[in-house]
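The structure under discussion appears below in the form of structure tokens.
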Amino acid sequence: QKSSSSKFLLGLSPTNGQARRNRAKEVYSAIAEWNEQEIDWGRVLIILLDERYGYENDDDCNATLVRSSLVKTLQKRGIHFPEEQLIAPDTSQGWKEAAAEYQ
């Protein structure tokens with residue numbers, strides 16, 4: 001419903017292993033394909049329940065997985081999803097700092 005000002009929190013926890021990550025990517029893209037009248041994406045906050053810390057390749061990060069599937073599919077549909085609505089730890093800093101900031 002577009003009349004409410006409340007937020008919906010969508011917690012995602014991508015997985016390890018290339019085959020499972022590819023499946024997660026398919027699922028996240030399918031979520032973004034749902035009819036926009038059913039989901040008011042302006043009210044959705046996505047929070048990563050788990051992030052892969054210490055990976056050299058950005059493609060291994062869970063936030064990148066969500067951006068390259070769910071967010072990219074929304075963009076293809078002409079639906080704007082602000083970056084600040086994707087809540088993910090900043091893994092470019094030390095793990096203690098990232099954890100403190102994420103809380």
Side-chain angles (χ1 to χ4, degrees):
Q1 297 178 343
K2 296 192 184 251
S3 62
S4 176
S5 63
S6 61
K7 298 288 185 186
F8 177 82
L9 184 62
L10 175 61
L12 300 177
S13 183
T15 185
N16 292 327
Q18 193 58 45
R20 285 178 275 176
R21 287 180 68 77
N22 286 339
R23 181 64 181 142
K25 195 172 189 176
E26 291 173 7
V27 170
Y28 299 158
S29 293
I31 290 170
E33 287 289 342
W34 287 339
N35 185 331
E36 70 183 79
Q37 293 175 345
E38 295 175 23
I39 299 174
D40 181 358
W41 288 100
R43 293 180 39 222
V44 176
L45 297 174
I46 298 174
I47 185 167
L48 289 182
L49 304 176
D50 165 35
E51 181 54 283
R52 305 175 91 198
Y53 188 82
Y55 282 83
E56 300 280 327
N57 186 347
D58 193 43
D59 289 340
D60 290 327
C61 294
N62 290 333
T64 299
L65 179 71
V66 172
R67 286 184 187 102
S68 67
S69 56
L70 194 148
V71 175
K72 186 175 182 179
T73 302
L74 288 174
Q75 290 171 341
K76 285 180 182 177
R77 295 183 62 212
I79 300 170
H80 176 67
F81 189 82
E83 179 67 24
E84 61 268 11
Q85 288 179 218
L86 174 58
I87 303 166
D90 179 0
T91 58
S92 68
Q93 48 187 337
W95 70 268
K96 288 182 182 179
E97 294 83 5
E101 183 178 301
Y102 193 57
Q103 292 178 9

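Bear in mind that the values here come from a model prediction, so they are computed numbers and not experimental data.
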**Asked** Got a donor-acceptor contact below 3.5 angstrom from the R67 side chain to the E83 backbone?
**Response**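 Not confirmed, R67 side chain does not pair with E83 backbone.
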**Asked** Hey, is the main chain of P14 close enough, under 3.5 Å, to the side chain of R21 for a donor-acceptor pair?
**Response** no
Rounded to the nearest 0.5 Å, what separates atom [atom1] in [X] from atom [atom2] in [Y]?
| X | Y | atom1 | atom2 | answer |
| --- | --- | --- | --- | --- |
| L49 | L12 | CG | CG | 7.0 Å |
| L86 | L48 | CG | CG | 5.5 Å |
| W41 | L10 | CH2 | CG | 6.5 Å |
| Y28 | T73 | OH | OG1 | 13.0 Å |

**Asked** Got a sec, which pairs hit salt bridge (Lys or Arg N to Asp or Glu O under 4.0 Å) with one end in residues 22-31, sequence neighbours left out?
**Response** R23-E26
**Asked** What pairs with S69 under side chain to side chain donor-acceptor pair (under 3.5 Å), at least two apart in sequence or on another chain?
**Response**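 Residues passing side chain to side chain donor-acceptor pair (under 3.5 Å) with S69: none at all.
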**Asked** Partners of E84 by side chain to side chain donor-acceptor pair (under 3.5 Å), sequence neighbours excluded?
**Response** none
**Message:** If you define the side chain from C-beta out and look only at heavy atoms, does anything of L70 sit under 4.5 Å from F81?
**Reply:**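 The answer is no; the side chains never approach within 4.5 Å.
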